[in-house]
Amino acid sequence: MTEPSRTSILDDADRARWRALDWRLLPEVGRAPALNMALDEVLTERVGRGDRPPTLRIWGWSGRCVVLGRFQSVRNEVDEAAAAREGVSLVRRISGGGAMYIEPQGAITYSIYAPDALVAGLSFADSYAFFDAWVVDALRGLGLDARYVPLNDIISKGGKIGGAAQARRAGAVLHHTTMAYEMNVPLMMGVLRIGKEKLSDKGMRSAEKRVGPLRQQTDLPRAAIIDHLVGSFRKQFGLMDDRLSDGELAEAERRVDERFGTRAWTYFLP
Amino acid sequence: MHGEYKTPGGKLVAVDLEVVEDRLQDVMVSGDFFLYPEEALTSVTASLEGLGVDLTEAEIAERVRMALPRGAELLGSSPEAIGAAVRRALAGGAGADGD
């Protein structure tokens with residue numbers, strides 16, 4: 001748990017691992033927050049079973065929400081009255097990590113669903129560095145001095161750009177990353193509870209100072225940044241355009257009804 | 001009662017609990033840490049349930065460590081951090097969210 005993590009960006013051996021797989025792209029489609037949660041589980045399981053090729057999915061959001069990490073408590077993280085007042089829904093994802101406040105055009109989120117062979121021999125901690133390396137390279141291609149900071153952050157001089165989280169299912173690993181594009185700081189600060197203990201070793205006075213949204217750092221439209229990231233992935237590793245199958249979507253919708261849209265799941269830790 | 005501990009350079013763990021007849025009850029362990037497999041959280045929480053309030057941080061950490069299933073991995077936090085959060089909760093919430 002305390003072994004040193006690699007901080008280098010993508011090297012030739014890593015690139016060969018990525019290129020050995022036959023990648024598919026699921027482009028951005030606006031979806032309800034709970035369906036996004038369900039799709040992560042369904043697609044990870046399907047890649048683990050070999051029912052879907054390794055996949056990069058760009059997320060679209062149909063509304064404002066708070067996405068809680070798998071192990072976070074609702075009352076410790078969210079001011080529910082403020083969230084309800086602002087029309088912010090609440091969902092819980094399958095991966096650990098911290099709560100995110102999402103506005104549809106304010107975030108850039110993607111998931112990578114890969115057979116666990118992609119990270120064979122890497123520790124959990126090193127696999128975060130491995131999965132983030134290509135996107136750090138791509139952000140550098142936009143002129144940012146981006147770098148990976150263990151365990152799961154992508155930062156630049158301009159501030160924290162994003163964070164990653166992983167979940168594992170039989171035979172597969174899910175690695176998803178959310179990057180801030182544009183922040184509604186007053187609303188975020190009103191909805192999320194950001195405690196003093198969390199900031200205790202950051203040396204910073206407020207959460208907003210920790211984040212450097214990509215719009216501010218690049219002056220590019222959100223779609224242009226997504227195109228650049230996808231293009232970088234495609235150029236380096238190969239990527240074929242794809243779409244969700246009807247079966248995948250139906251299974252994810254069932255999973256929303258059974259799990260991700262239920263109070264039992266969202267309030268698993270009240 | 002509520003206590004938190006953030007591992008320097010790592011993640012936050014929070015413990016909520018009640019004390020009944022000098023024992024921990026209704027324990028909830030939460031935070032922005034990573035834990036594989038996810039179900040191991042149940043074992044961690046169960047290991048704290050019923051513990052005496054006079055255990056030290058190290059003793060609590062040992063209970064947590066023993067409860068983690070073989071192969072389970074806690075990233076960004078540690079049994080010691082959970083022990084510290086429990087002690088803070090029992091001490092009246094030092095390290096808690098400002099109140």
A:Arg168 portion near chain B, given a 4.5 angstrom heavy-atom threshold:
both

Taking the six-membered ring of A:Trp59, is the NZ or CZ of A:Arg57 close enough (under 6.0 Å from the centre) and on axis enough (within 45°)?
yes

Please classify the contact of B:Val13 with chain A as side chain, backbone, both or neither, using a heavy-atom distance under 4.5 Å.
neither

Tell me yes or no: between the side chains of A:Thr177 and A:Tyr110, is some donor less than 3.5 Å from an acceptor?
yes

For B:Leu41, is it the side chain, the backbone, both, or neither that has a heavy atom closer than 4.5 Å to a heavy atom of chain A?
side chain

Cut-off 4.5 Å, heavy atoms of chain A, and the answer for B:Tyr36 is side chain

Thinking salt bridges, do A:Arg255 and A:Glu251 make one under a 4.0 Å N-O criterion?
yes

Mind checking the CD-CZ spacing from B:Glu38 to A:Phe268? Nearest 0.5 Å is all I need.
9.0 Å

